[in-house]
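What follows is a set of notes on a single structure, which appears directly below.
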Protein chains: 2
Amino acid sequence: MPPFDMGRVRDVSAQADVNPCGACPVRSLTVCAALEAEELRRLAEILQTVRFEPGHTLFGEGDKADTLYNVTAGTMKLYKLLPDGRRQITGFLLPGDFLGLSVNETYAYSAEAVTPVTLCRFPRRRMEALLDEFPKMQRRLFSMASNELAAAQDQMLLLGRKTAKEKICSFLLMLSQRAQRRGHKENPVHVPMSRADIADYLGLTTETVSRTFTQLKTSRVIALLEGNKVQIHDMDQLYDLAEGS
Amino acid sequence: MPPFDMGRVRDVSAQADVNPCGACPVRSLTVCAALEAEELRRLAEILQTVRFEPGHTLFGEGDKADTLYNVTAGTMKLYKLLPDGRRQITGFLLPGDFLGLSVNETYAYSAEAVTPVTLCRFPRRRMEALLDEFPKMQRRLFSMASNELAAAQDQMLLLGRKTAKEKICSFLLMLSQRAQRRGHKENPVHVPMSRADIADYLGLTTETVSRTFTQLKTSRVIALLEGNKVQIHDMDQLYDLAEGS
DNA sequence: GCCGGCTATGCCGCCGTTCGATATGGGCCG
DNA sequence: CGGCCCATATCGAACGGCGGCATAGCCGGC
């Protein structure tokens, strides 16, 4: 992680020094995976690297959507609110995930840092111009959006039809699989978000989340380790528990 | 509606006769809206028109995803199943909606006709070739996917955090707004799907759906009319009820 | 007119919520 | 280094909204 010490930092080395994208650890996962060296250079020209602390709100629902982001380190959460304060977290973003697609010029959700995060930041206009110029990039972005759509449908099944226990098991499995895709070990799985965040992601309360973790621990399905890590004792069993079969 | 009388019909008039897309009533809503006359002609070359009766399963979750569709008339439902039969309907498709995006060569959900439907049918390979050739079409498809993503996030908020009453009110509002976008009157709203389908879309049971409709009727928010139509007495009130404010 | 599927509704039970109290643990300061 | 403090997590008890089941009513099709 670069040694930044401010909330927002303009990465002047992007233009002057070596191409930062060339050394990007998550490039293969992102929209940038589709690009050649020359295209990467063009992308780097319009990019800023920024860093935020946990709890920082990147943007709020309804804000003007003039910026796109790519997560390069840390975890973010996206959420929507009801007037009385009820909250639904619609997704957690991990390194390599894209952020900032919008429909009508405004963001449809809020985005907040869960852990310290670093992001690549693209002005929307210039990004769109690049997309027109590089159809490969457009196609890659479309493919990522399709993947998110499929994940959203999985999440609908979870929210609408799964029990508390199935939801927690599905959640742990998802974190494990996403960690694996990023080249980390699948077990034990790192769970950086709070019980409240997990509850608002799964359509539960913090109490139910706590109780269910305790229940899974008591029945020897998982173990809670130091540093927000969860050891999964039997991955196949967890998979079955996640689908009620 | 063309006078088809079979389950699957190859529309031979597409190539031989007048360009059918030119007269398409929902073209402005679909991916085809982005196309010029010449591009439309190319699209028409690879297209078949098909028609299905209610209950017909277009494809199932896990099937090989070698075909894309565009709904031109009627209503379809998309759903996912759990091993024990629990079902979550992830969306209802109306004329103009696109269908068949997939991640790993297989459909991630099943698709079934709710009412009699007519669809445009595109072989996946040839469609992808056209997308490469016409970036405007690719961009349009991406924009439609972004819209669906936003709708999916709304649905997550509904499933995870709204009460039964709020869910039903949100559902009626959505149908009303979608009807309006298609040039129909927003009120009364046509509700072609069964209580069971509504329940599986909103994460409820049929009984709760029935009870909630009765409750809304008793409190004079709506009235149930002939022909599966619902009269909304006060649209603003319904909007407030849908968000719990 | 009869039959079958869908819808409506009363009754009861349960899962998850709500509320309150207690435990834990990490950060900060003395 | 130890102790305090506040946020978070955990746990117990009571409540309530929604689900499950059974029955009755409705409507459409043949």
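Keep in mind the model is a prediction, meaning the values are calculated, not measured. Every chain is numbered from 1, with letters handed out A, B, ... down the list of sequences.
A cation-pi arrangement is present between R195(B) and F213(B), with the terminal nitrogen or guanidinium carbon under 6.0 Å from the aromatic centre and inside a 45° cone about the axis.
Contact of the S102(B) side chain with the S146(A) side chain is not registered, since no non-hydrogen atoms from C-beta on lie closer than 4.5 Å.
One can place CG of L216(A) at 12 Å from P of dT10(D), the figure rounded to the nearest angstrom. The CG-C1' distance, from D200(B) to dG19(D), rounds to 13 Å in whole Å. Note: CD1 (I198(A)) to P (dG16(C)) measures 16 Å, nearest angstrom. For the pair L204(A) CG and dA9(D) C1', the computed distance is 16 Å after rounding to whole Å. Atom NZ of K162(A) and atom C1' of dG19(D) are 20 Å apart (whole Å). One interatomic measurement links the two molecules: CZ of R161(A) to C1' of dG20(D), which rounds to 13 Å at whole-angstrom precision. Spacing between atom NZ of K167(A) and atom P of dC15(C) amounts to 15 Å, rounded to whole angstrom units. Atom-to-atom, CD of E166(A) to C1' of dG16(C) comes out at 14 Å; the value is rounded to the nearest Å.
Closest to the side chain of T205(B), out of dT18(C), dG19(D), dG16(C), is dG19(D).
Relative to the axis of its first five pairs, the axis of the last five pairs of the helix from dG1(C)-dC30(D) to dG30(C)-dC1(D) sits at 40°, rounded to 10 degrees.
Heavy-atom nearest nucleotides on DNA chain C were determined for E226(A) and for G203(A), and the one closer to the 5' end corresponds to G203(A).
Residues in residues 145-163 of chain B take part in these salt bridge (charged side-chain N to carboxylate O under 4.0 Å, His left out) pairs, two or more places apart or across chains: K80(A)-D154(B), D200(A)-R161(B).
For the pairing with D97(B), the side chain to side chain contact (heavy atoms under 4.5 Å, CB included) check across M76(B), M144(B), R178(B) returns one residue only, R178(B).
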task: Quick one, give me the B/S/- string for nucleotides 4-9 of chain C, reading 5' to 3', where B means a protein heavy atom under 4.0 Å from the base and S means that only happens at the primed atoms, P, OP1 or OP2.
output: ---SBB
- request: Apply the test salt bridge (charged side-chain N to carboxylate O under 4.0 Å, His left out) to residues R86(A) and E243(B): give CA-CA distance (whole Å), side-chain angles for both, the deciding distance (0.1 Å), then the verdict.
  value: CA-CA 10 Å; R86(A) 280 173 289 171; E243(B) 298 209 322; over 6 Å; no
message: Applying side-chain contact (heavy atoms from CB on, under 4.5 Å) to N147(A) and L149(A), what does each step give before you reach the verdict?
response: CA-CA 5 Å; N147(A) 274 309; L149(A) 213 43; over 6 Å; no
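Taking the six-membered ring where the residue is Trp, F59(B) and Y69(B) present parallel rings, their angle staying beneath 30° rather than reaching 60°. Note on ring orientation: taking the six-membered ring where Trp is involved, the planes of Y109(A) and Y107(A) are tilted (angle from 30° to 60°).
Of the possible donor and acceptor atoms, none in the side chain of T206(B) sits under 3.5 Å from a partner among the backbone N and O of A196(B).
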